[in-house]
Chemist: 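Quick one: structure below, then a few questions.
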Amino acid sequence: MNGVAEIESVRVPPISELAESQLCGRCCVWCGCALTVGRIVDLGERAEGGRRLFPRACRICTAKQVYLQLIEHAGSCEQCVDDGALCRSSIELRRALREGRAR
């Protein structure tokens with residue numbers, strides 16, 4: 001994978017709030033820092049507003065944002081209350097959290 005993890009289930013900021021460099025994956029969608037190989041988390045190609053987007057993030061922001069999303073999801077998901085290991089969203093968010101923390 002060339003040091004790039006692909007994560008598609010993570011919410012990113014609205015397209016209207018992102019610079020072109022963030023929309024095409026050159027800069028982190030959350031903090032705006034320039035991304036370097038080995039420290040990139042690919043958030044998956046997306047289509048929005050008639051555009052193809054390629055959001056990416058730095059590992060630090062990914063870990064923080066995914067953790068917050070996981071907490072929010074788990075608090076409102078019946079499946080997670082019963083058994084989070086069976087919830088597809090929880091599984092993907094936990095994987096994204098691991099990828100964001102990877103060094």
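Worth knowing before you read on, the calculation uses all heavy atoms, side chains too, and leaves out hydrogens, waters and symmetry mates.
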Chemist: Enter the distance from Arg39:CZ to Thr62:OG1 here, rounded to the nearest 0.5 Å.
Modeler: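 It is 11.0 Å, given to the nearest 0.5 Å.
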
Chemist: With sequence neighbours left out, write down each residue that passes side-chain hydrogen bond (donor to acceptor under 3.5 Å, both in side chains) with Gln79, or none if nothing qualifies.
Modeler: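 For Gln79, no residue satisfies side-chain hydrogen bond (donor to acceptor under 3.5 Å, both in side chains) once neighbours in sequence are set aside.
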
Chemist: Could you tell me whether the side chain of Ser90 reaches within less than 4.5 Å of the side chain of His73, counting heavy atoms only?
Modeler: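 Result yes, sub-4.5 Å side-chain heavy-atom pair found.
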
Chemist: Between the main-chain N or O of Arg11 and the side-chain N or O of Gln69, is there a donor-acceptor pair closer than 3.5 Å?
Modeler: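 Yes, because the side chain of Gln69 sits within donor-acceptor range (under 3.5 Å) of the backbone of Arg11.
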
Chemist: What distance separates Arg56 CZ from Cys24 SG, expressed to the nearest 0.5 Å?
Modeler: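 Going from CZ on Arg56 over to SG on Cys24, the span is 9.0 Å.
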
Chemist: Please determine whether residues Ile71 and Leu93 belong to a single hydrophobic cluster, defined as Ile, Leu, Val, Met, Phe, Trp and Tyr linked transitively by side-chain heavy-atom distances below 4.5 Å.
Modeler: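 Result: yes, single cluster for both.
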
Chemist: Run Gln65 and Val12 through side-chain contact (heavy atoms from CB on, under 4.5 Å) and show every step you take.
Modeler: CA-CA 9 Å; Gln65 294 298 323; Val12 298; over 6 Å; no

Chemist: Pick from Val10, Val29, Ile15: which one makes a side-chain contact (heavy atoms from CB on, under 4.5 Å) with Pro55?
Modeler: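 Result for side-chain contact (heavy atoms from CB on, under 4.5 Å) with Pro55: Val29.
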
Chemist: Please find the pair of heavy atoms, one from Cys28 and one from Cys58, that lie closest to each other, and give the distance.
Modeler: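 Looking at all heavy atoms of both residues, the closest pair is SG-N, 3.5 Å.
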
Chemist: Taking only residues two or more places apart in sequence, or in another chain, which ones meet Glu20 in a side-chain hydrogen bond (donor to acceptor under 3.5 Å, both in side chains)?
Modeler: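 Counting only residues at least two positions away or on another chain, Glu20 forms a side-chain hydrogen bond (donor to acceptor under 3.5 Å, both in side chains) with Arg51.
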
Chemist: Report the distance from atom CD of Gln22 to atom CG of Leu35, rounding to the nearest 0.5 Å.
Modeler: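 That separation rounds to 9.5 Å.
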
Chemist: Side chains of Leu43 and Phe54: closer than 4.5 Å at any heavy-atom pair?
Modeler: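 Heavy-atom side-chain distance check fails, nothing below 4.5 Å.
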
Chemist: Please tell me if the side chains of Leu70 and Arg94 come closer than 4.5 Å, counting only heavy atoms from C-beta onward.
Modeler: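 Yes, side chains in contact.
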
